[in-house]
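Protein chains get the first letters and strands the later ones, always in sequence-line order, with residue 1 at the start of each. Values below: all heavy atoms of this structure, side chains included; hydrogens, waters and symmetry mates excluded.
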Amino acid sequence: MLKMRLTDFDPGKIASSGQCFRMKEIAYGTHEVIAGSRYLRIGRGCTDGSFIFSCSQKEMDSFWKNYFDFDTDYGEIRRSVDPSDHYLKGAVQAGSGIRILRQDLFETIISFIITQQNNIPRIRGIIERLCMKYGRYIPEEKNRPAYFAFPEAGALAEAGIQDLEEIGLGYRAKYIRKSAQQIEGGEIVLDEIASLGYDEAKKRLLGLYGVGTKVAECICLFARHDADAFPVDVHIRRMLAEHYPDGFPFSRYRGYAGILQQYIFYRELEA
DNA sequence: AGCCAGGAAGTCC
DNA sequence: GGACTTCATGGC
């Protein structure tokens with residue numbers, strides 16, 4: 001157990017912001033996070049705005065701090081927004097507490113292949129069934145329930161198309177199997193993608209079957225933390241047409257437009 | 001019944 | 001390069 005006082009951290013908003021799919025509220029004000037094969041529970045401190053984490057200081061320092069991007073000042077990002085841009089000001093205000101996670105690369109690839117032409121509640125269900133069927137079972141321990149880790153590439157590479165379809169993947173089943181095979185077989189090397197620059201990493205991700213521009217940018221943003229990546233989905237496309245008919249001011253927000261994109265996406269979801 | 005959801009591949013030109 | 005079609009599933 002670890003108590004920390006944090007600003008710009010709202011687990012509820014992060015859980016429902018559509019960047020991760022295995023973070024959820026399990027009791028009022030208490031959230032669980034399953035990231036790869038790790039489990040974390042986050043509770044509220046008493047009244048002082050602090051949080052209780054179910055991990056040690058060592059695990060926080062070695063993993064979760066980086067995962068939640070605790071070293072970045074999101075208040076500064078929100079304050080940098082053009083004061084005359086009322087839409088964007090409203091979006092970062094409504095989304096204060098959102099952070100961009102650094103998620104596992106393979107988990108993010110598979111998860112965002114599933115997101116295409118899909119909706120978030122259904123995506124969450126599919127991913128949960130995928131984990132139950134192909135992920136490692138991690139037994140209960142005191143102070144933590146049993147859960148399933150996210151599947152390894154090998155398990156998905158060997159999965160049958162029909163077995164994958166039973167989970168509800170639909171036409172995406174073949175994408176999942178083939179991409180897992182490309183990774184397992186060494187055609188696409190994730191360690192290399194992790195170490196490259198944004199442009200080259202994105203180019204290689206596009207080599208995965210079922211990964212196009214939008215999904216590649218989501219992977220770069222939510223796993224590699226490429227804050228320049230600005231995935232445009234149907235919500236963002238509608239928003240751009242409505243609020244930025246002359247174009248989004250990317251030059252003003254160079255280096256972190258993707259973070260603003262996430263505030264915007266959350267705003268469009270809630271609206 | 002038809003439309004929509006964090007799109008991409010396939011098939012034209 | 002761009003336009004058009006097809007692809008599964010479930011909620012509304």
Side-chain angles (χ1 to χ4, degrees), chain A residues 13-24 91 94-95 98-133 150 156 159-183 187-188 201-244 248 257-271:
Chain A
K13 290 182 187 175
I14 294 171
S16 62
S17 71
Q19 62 174 305
C20 60
F21 304 100
R22 303 195 74 197
M23 180 172 180
K24 67 176 182 184
I98 288 175
R99 311 183 78 86
I100 305 293
L101 307 176
R102 282 190 185 78
Q103 300 181 75
D104 176 76
L105 187 52
F106 180 70
E107 176 169 356
T108 308
I109 289 169
I110 298 302
S111 296
F112 277 88
I113 287 175
I114 294 170
T115 63
Q116 61 183 92
Q117 201 65 20
N118 213 337
N119 60 69
I120 291 178
R122 192 162 168 270
I123 293 163
R124 300 175 74 97
I126 292 171
I127 291 176
E128 212 46 47
R129 291 190 290 278
L130 189 73
C131 294
M132 290 174 68
K133 196 160 183 173
F150 196 85
L156 297 182
I161 291 293
Q162 201 155 2
D163 293 319
L164 287 168
E165 285 174 343
E166 282 175 13
I167 290 170
L169 276 165
Y171 68 90
R172 306 168 196 83
K174 56 183 179 293
Y175 296 162
I176 298 301
R177 176 175 156 89
K178 180 69 186 297
S179 284
Q181 288 175 342
Q182 288 177 281
I183 292 164
E187 179 188 338
I188 306 281
K202 177 177 165 184
K203 192 181 300 180
R204 296 212 190 180
L205 287 167
L206 290 173
L208 288 165
Y209 187 55
V211 174
T213 302
K214 187 268 173 184
V215 168
E217 289 174 1
C218 282
I219 296 164
C220 286
L221 181 58
F222 300 133
R224 289 169 42 88
H225 213 272
D226 288 314
D228 273 314
F230 194 92
V232 178
D233 75 318
V234 291
H235 301 285
I236 298 294
R237 194 175 305 284
R238 270 199 293 269
M239 178 284 302
L240 289 172
E242 183 178 353
H243 297 285
Y244 300 95
F248 187 79
I259 297 177
L260 299 176
Q261 185 272 2
Q262 193 57 18
Y263 284 114
I264 292 167
F265 183 77
Y266 176 79
R267 178 74 178 142
E268 293 299 311
L269 270 191
E270 300 301 303

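When A:Gln262, A:Arg99, A:Glu270 are each tested for a side-chain hydrogen bond (donor to acceptor under 3.5 Å, both in side chains) with A:Ser17, only one passes: A:Gln262. Tested against A:Ile113, the residues A:Ile219, A:Ile176, A:Thr108, A:Leu169 include a single side chain to side chain contact (heavy atoms under 4.5 Å, CB included) partner, A:Ile176.
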Which is it for A:Thr115 and A:Asp233 under the side-chain contact (heavy atoms from CB on, under 4.5 Å) test, yes or no, and what are the steps along the way? CA-CA 10 Å; A:Thr115 63; A:Asp233 75 318; over 6 Å; no
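Atom CG of A:Leu101 and atom C1' of B:dG6 are 15 Å apart (whole Å). Straight-line distance from the CG atom of A:Leu269 to the P atom of B:dC4: 17 Å, rounded to whole Å. A straight line from CG of A:Asp233 to P of B:dA8 spans 10 Å, rounded to a whole angstrom. Atom CD1 in A:Ile113 sits roughly 17 Å away from atom C1' in B:dA5 (whole-Å rounding). Distance A:Glu268 CD to B:dC4 P: 16 Å, rounded to the nearest Å. Nucleotide B:dA9 holds its P atom 7 Å from the OH atom of A:Tyr209, rounded to whole Å. Atom CD1 of A:Ile120 is separated from atom P of B:dA5 by 11 Å (rounded to the nearest Å). For the pair A:His235 NE2 and B:dC4 P, the interatomic distance rounds to 12 Å; values are reported in whole Å.
Here the side chain of A:Arg129 pairs a donor or acceptor atom with the backbone of A:Ile167 at under 3.5 angstrom. At least one donor-acceptor pair closer than 3.5 Å links the side chain of A:Asn118 to the backbone N or O of A:Ile114.
Of the C1' atoms belonging to C:dA3 and B:dG6, the separation is 23 Å, rounded to the nearest Å. A distance of about 13 Å separates the P atoms of B:dG10 and C:dA8, rounded to the whole Å.
Using a 4.0 Å heavy-atom cutoff across all strands shown, A:Gly210 reaches sugar-phosphate atoms only and no base atom. Nucleic acid contact class of A:Phe222 (heavy atoms, under 4.0 Å, all strands): base. Contacts of A:Val232 with the nucleic acid, taken as non-hydrogen atoms under 4.0 Å apart, are absent. Across all strands, A:Gln262 comes closer than 4.0 Å to base atoms (heavy-atom distances). Nucleic acid contact class of A:Arg238 (heavy atoms, under 4.0 Å, all strands): sugar-phosphate only. Base engagement by A:Ser17 is indicated by at least one non-hydrogen atom pair under 4.0 Å involving a base atom. Among the heavy atoms of the strands, none lies under 4.0 Å from A:Leu221.
Using a cutoff of 4.0 Å between basic side-chain nitrogens and carboxylate oxygens, A:Glu166 and A:Lys133 are scored as salt-bridged.
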For nucleotides 5-12 of chain C, just jot down a letter per nucleotide in 5' to 3' order: B, S or -, based on protein non-hydrogen atoms under 4.0 Å. --BBBS--
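Here A:Phe265 counts as stacked on B:dG6: its ring centre is under 5.5 angstrom from the base ring centre and the planes meet at under 30°.
Using bins of under 30°, 30° to 60° and over 60° for the plane-to-plane angle, the ring pair A:Tyr175/A:Tyr209 lands in the perpendicular bin.
Scanning both residues, A:Ala216 and A:Leu205, for their nearest heavy atoms gives O-CD1, 4.0 Å.
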